[in-house]
Asker: 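Have a look at this one.
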Amino acid sequence: MYPHERSLVKRMQDKPFALIGMNSDPRPKAKAALARENITWRSFWDGGSTQGPIAKSWKVNSWPTIYVLDAKGVIRYRNTRGEAMDHAVETLLKEIETH
Amino acid sequence: MIPQFLKPTRSPIFFGLFLTLSILQTAFGADRPASPAQGYSALVREYQTAQAEFSKLYQAAKTDEEREKLRNEKAPDSKKFAARFWDLAQQNPKDPAALDALVWVTTSSYQSEEAGKALALLAKDHAASEKVANVCDIAPYISSMASGDFLRAVLEKNPKREAQAKACEGLYTYSLMAEPAQAEKFLALLSEKYSDLTSGRGTGTVGEFAKTEREHNKTFGIGQVAPEIEGEDIDGKKFKLSDYRGKVVVIDFWGDW
């Protein structure tokens, strides 16, 4: 996960794009992961477990789970990864440019 | 009956030749290439043995360092095996073992390069086989255009309802990832035709899975405005999802394991 996410964030740094994590680790473990994996994007901290309030309200029961939102905040894709994620993001960025 | 000309008393030269050839054939018989089925079984055994050895050592390990070392040095590399299974399938395309090899590649090494290629071949030649049903569960996670084609081929061509249902569940999952406009169609098909069967995605029936999904999609489905998230980051600073309105956002539920 991390290498692909890192390169996506880097490629998109001048574009209207944000990768937002939703982390389910105890805080010290989360902080260690940020440092070790060179995670440059922001994450919500969901209370330290996979049963946190946000994961529960979004009914997340398998990890990782991914939602891709367009610039209007509308959910457009679910569990897209790798190249498919790049393609989804590029498609939604084009929508901003053409409207 | 030994032919006249081979009888030792009649023709020592021919008999000598016959004996030599027999000995040579016996000696080299052991090296005659295994059948594709034997080759496939041998590879499976080799992989399982390597896994068992690794598992034994891993469980006996006392420190995290030991465990990491084992993971780096002794864990069998499923991708290397995928290449070998792929070669076996390529070299014996008409043999039944080729299908087994392709199924192995997709189900035991879904992240290998060969997995996408194997899916394409399975779609083309084996969509109607009962052996591809389980491949449907992993197909959406195989990073390849072939995933959608494979699942559609199974849905259209496979005679077994169970395989069709798995393909349809796979297509629903795949659609959410890559062709979201199609997701609703497959969800509907699941309810219409396969409700009674066991779901590969949850713990109940296909009908129950579809019902849960429909409920979930009321709030979190494709086309819904994502609910606001208000929380704090890992350093404790407060922020909101709506801070990012105007940007394309990927929300990634993750943990470090």
Side-chain angles (χ1 to χ4, degrees), chain A residues 1 5 8 12 15-25 27 29-34 36-37 41-47 49-50 53-55 57-60 63-85 87-89 92-93 95-96, chain B residues 110-111 116 140-145 147-148 172-181 183 201-203 212-213 215-257:
Chain A
M1 158 189 145
E5 262 67 335
L8 176 63
M12 297 294 162
K15 309 245 166 121
F17 168 79
L19 172 59
I20 302 176
M22 183 65 66
N23 176 268
S24 57
D25 294 309
R27 222 190 277 270
K29 194 160 193 255
K31 287 192 177 179
L34 293 186
R36 193 186 69 237
E37 301 293 342
W41 56 95
R42 205 168 189 186
S43 285
F44 283 100
W45 183 71
D46 194 22
S49 87
T50 55
I54 301 168
S57 85
W58 283 63
K59 305 240 180 10
V60 174
W63 267 259
T65 287
I66 285 150
Y67 283 86
V68 186
L69 279 48
D70 65 21
K72 297 189 178 134
V74 175
I75 296 171
R76 301 289 296 277
Y77 299 82
R78 191 192 309 168
N79 289 330
T80 314
R81 293 200 231 166
E83 277 179 36
M85 188 195 282
H87 178 78
V89 169
L92 296 178
L93 282 172
E95 283 183 3
I96 302 176
Chain B
Y110 78 100
Q111 292 176 309
Y141 304 97
I142 294 177
S143 206
S144 162
M145 296 313 299
S147 306
Y172 171 67
T173 300
Y174 173 78
S175 298
L176 290 173
M177 294 172 172
E179 296 176 20
R201 305 264 143 206
T203 53
T212 306
E213 280 297 303
E215 199 49 47
H216 183 66
N217 289 343
K218 285 183 182 159
T219 312
F220 300 98
I222 308 300
Q224 298 303 315
V225 176
E228 172 71 291
I229 300 174
E230 290 189 44
E232 56 183 72
D233 64 18
I234 290 171
D235 293 320
K237 277 184 71 184
K238 289 192 171 19
F239 74 113
K240 301 189 293 229
L241 178 58
S242 57
D243 294 342
Y244 297 87
R245 201 51 79 83
K247 295 187 180 183
V248 173
V249 171
V250 170
I251 304 177
D252 190 332
F253 287 78
W254 69 284
D256 187 48
W257 44 60

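Here is the naming used below: chain letters follow the sequence lines, and residue numbers restart at 1 for every chain.
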Asker: Side chain from CB out, backbone as N, CA, C, O: work out which of these in A:V68 comes under 4.5 Å of a heavy atom of chain B, or both, or neither.
Answerer: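 When you check distances to chain B, atoms from both the backbone and side chain of A:V68 fall under 4.5 Å.
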
Asker: Look at A:T65, A:L19, A:V60 and state which one has the largest set of heavy-atom pairs under 4.5 Å with chain B.
Answerer: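 Among the listed options, the one with the most contacts to chain B is A:T65.
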
Asker: I'd like to know which of A:I54, A:D70, A:T50 tops the heavy-atom pair count under 4.5 Å against chain B.
Answerer: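 If we count pairs closer than 4.5 Å to chain B, A:I54 comes out on top.
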
Asker: Indicate yes or no: at least one non-hydrogen side-chain atom of B:V250 is less than 4.5 angstrom from one of A:F17.
Answerer: yes

Asker: Return the minimal non-hydrogen interatomic distance between B:A178 and A:Y77, and the atom names on each side.
Answerer: O-CE2, 4.2 Å

Asker: Rounded to the nearest 0.5 Å, what separation is found between the CD1 atom of B:I229 and the CG atom of A:D46?
Answerer: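 If I round to the nearest 0.5 Å, the distance is 9.0 Å.
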
Asker: Can you tell me if CD on A:E83 sees more than 12 non-hydrogen neighbours from other groups inside 6.0 Å?
Answerer: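 Counting other residues, nucleotides and ligands, CD of A:E83 stays at 12 neighbours or fewer.
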
Asker: Sequence neighbours left out, what pairs pass side-chain hydrogen bond (donor to acceptor under 3.5 Å, both in side chains) with at least one residue falling in residues 235-245 of chain B?
Answerer: B:E228-B:S242

Asker: Verify side chain to side chain contact (heavy atoms under 4.5 Å, CB included) between B:W254 and A:N23, making sure each step is shown before the conclusion.
Answerer: CA-CA 5 Å; B:W254 69 284; A:N23 176 268; 3.4 Å; yes

Asker: Any idea which heavy atoms bring A:R78 and B:G221 closest together, and the distance?
Answerer: NH2-CA, 4.2 Å

Asker: In terms of heavy-atom proximity below 4.5 Å to chain B, should A:M12 be classed as side chain, backbone, both, or neither?
Answerer: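 Answer is neither: A:M12 stays 4.5 Å or more from chain B.
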
Asker: Name the option with the most non-hydrogen atom pairs under 4.5 Å to chain B; the candidates are A:G82, A:S57, A:G47, A:A32.
Answerer: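 Max contact count across the listed options: A:S57.
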
Asker: Look up atom CG in A:L92 and atom NZ in B:K247, then write down how far apart they are to the nearest 0.5 Å.
Answerer: 15.0 Å

Asker: Could you walk me through whether A:R36 and B:D256 pass the side chain to side chain contact (heavy atoms under 4.5 Å, CB included) test, one step at a time?
Answerer: CA-CA 10 Å; A:R36 193 186 69 237; B:D256 187 48; 2.8 Å; yes

Asker: CH2 of A:W63 to CG of B:D252: how many Å apart, nearest 0.5 Å?
Answerer: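 CG of B:D252 is found 11.5 Å from CH2 of A:W63.
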
Asker: Can you tell which part of B:T219 gets under 4.5 Å to a heavy atom of chain A, answering side chain, backbone, both or neither?
Answerer: backbone

Asker: Sort A:A18 into side chain, backbone, both or neither according to what part of it lies under 4.5 angstrom from a heavy atom of chain B.
Answerer: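 Backbone plus side chain of A:A18, per the 4.5 Å heavy-atom cut-off to chain B.
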
Asker: Please state whether the side chain, the backbone, both or neither of A:R76 comes within less than 4.5 Å of a heavy atom of chain B.
Answerer: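 Interface part for A:R76: backbone (N, CA, C, O).
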
Asker: Run the side chain to side chain contact (heavy atoms under 4.5 Å, CB included) check on B:L176 and A:N79 step by step: do they pass?
Answerer: CA-CA 7 Å; B:L176 290 173; A:N79 289 330; over 6 Å; no

Asker: Which residue pairs pass the ring-ring contact (aromatic ring centres under 6.0 Å, His included) test with at least one member in residues 218-241 of chain B, sequence neighbours excluded?
Answerer: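 Residue pairs passing ring-ring contact (aromatic ring centres under 6.0 Å, His included), neighbours aside: A:F44-B:F239, A:W58-B:F220, B:H216-B:F220.
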
Asker: Please classify the contact between B:P140 and chain A as side chain, backbone, both or neither, with a heavy-atom cut-off of under 4.5 Å.
Answerer: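 The answer is neither part of B:P140.
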
Asker: Pick from A:G73, A:A33, A:A88: which one has the most heavy-atom pairs with chain B under 4.5 Å?
Answerer: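 Most heavy-atom pairs under 4.5 Å with chain B: A:G73.
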
Asker: Highest number of heavy-atom pairs under 4.5 Å with chain B: which of A:I75, A:V74, A:T80, A:L93?
Answerer: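 Result: the option with the highest number of such pairs is A:I75.
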
Asker: Just how far is it from atom CD1 of B:I251 to atom CD1 of A:I20, taken to the nearest 0.5 Å?
Answerer: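 Reported to 0.5 Å precision, the distance equals 6.0 Å.
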
Asker: Write down the atom of B:I234, the atom of A:R27, and the distance for their closest heavy-atom approach.
Answerer: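 Smallest heavy-atom distance, with atoms named: O-NH1, 3.0 Å.
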
Asker: Where do A:S24 and B:G255 come nearest, in terms of heavy atoms and distance?
Answerer: OG-CA, 3.7 Å

Asker: Looking only at heavy atoms and a cut-off of under 4.5 Å, which of A:K29, A:R81, A:K31 has the most pairs with chain B?
Answerer: A:K31

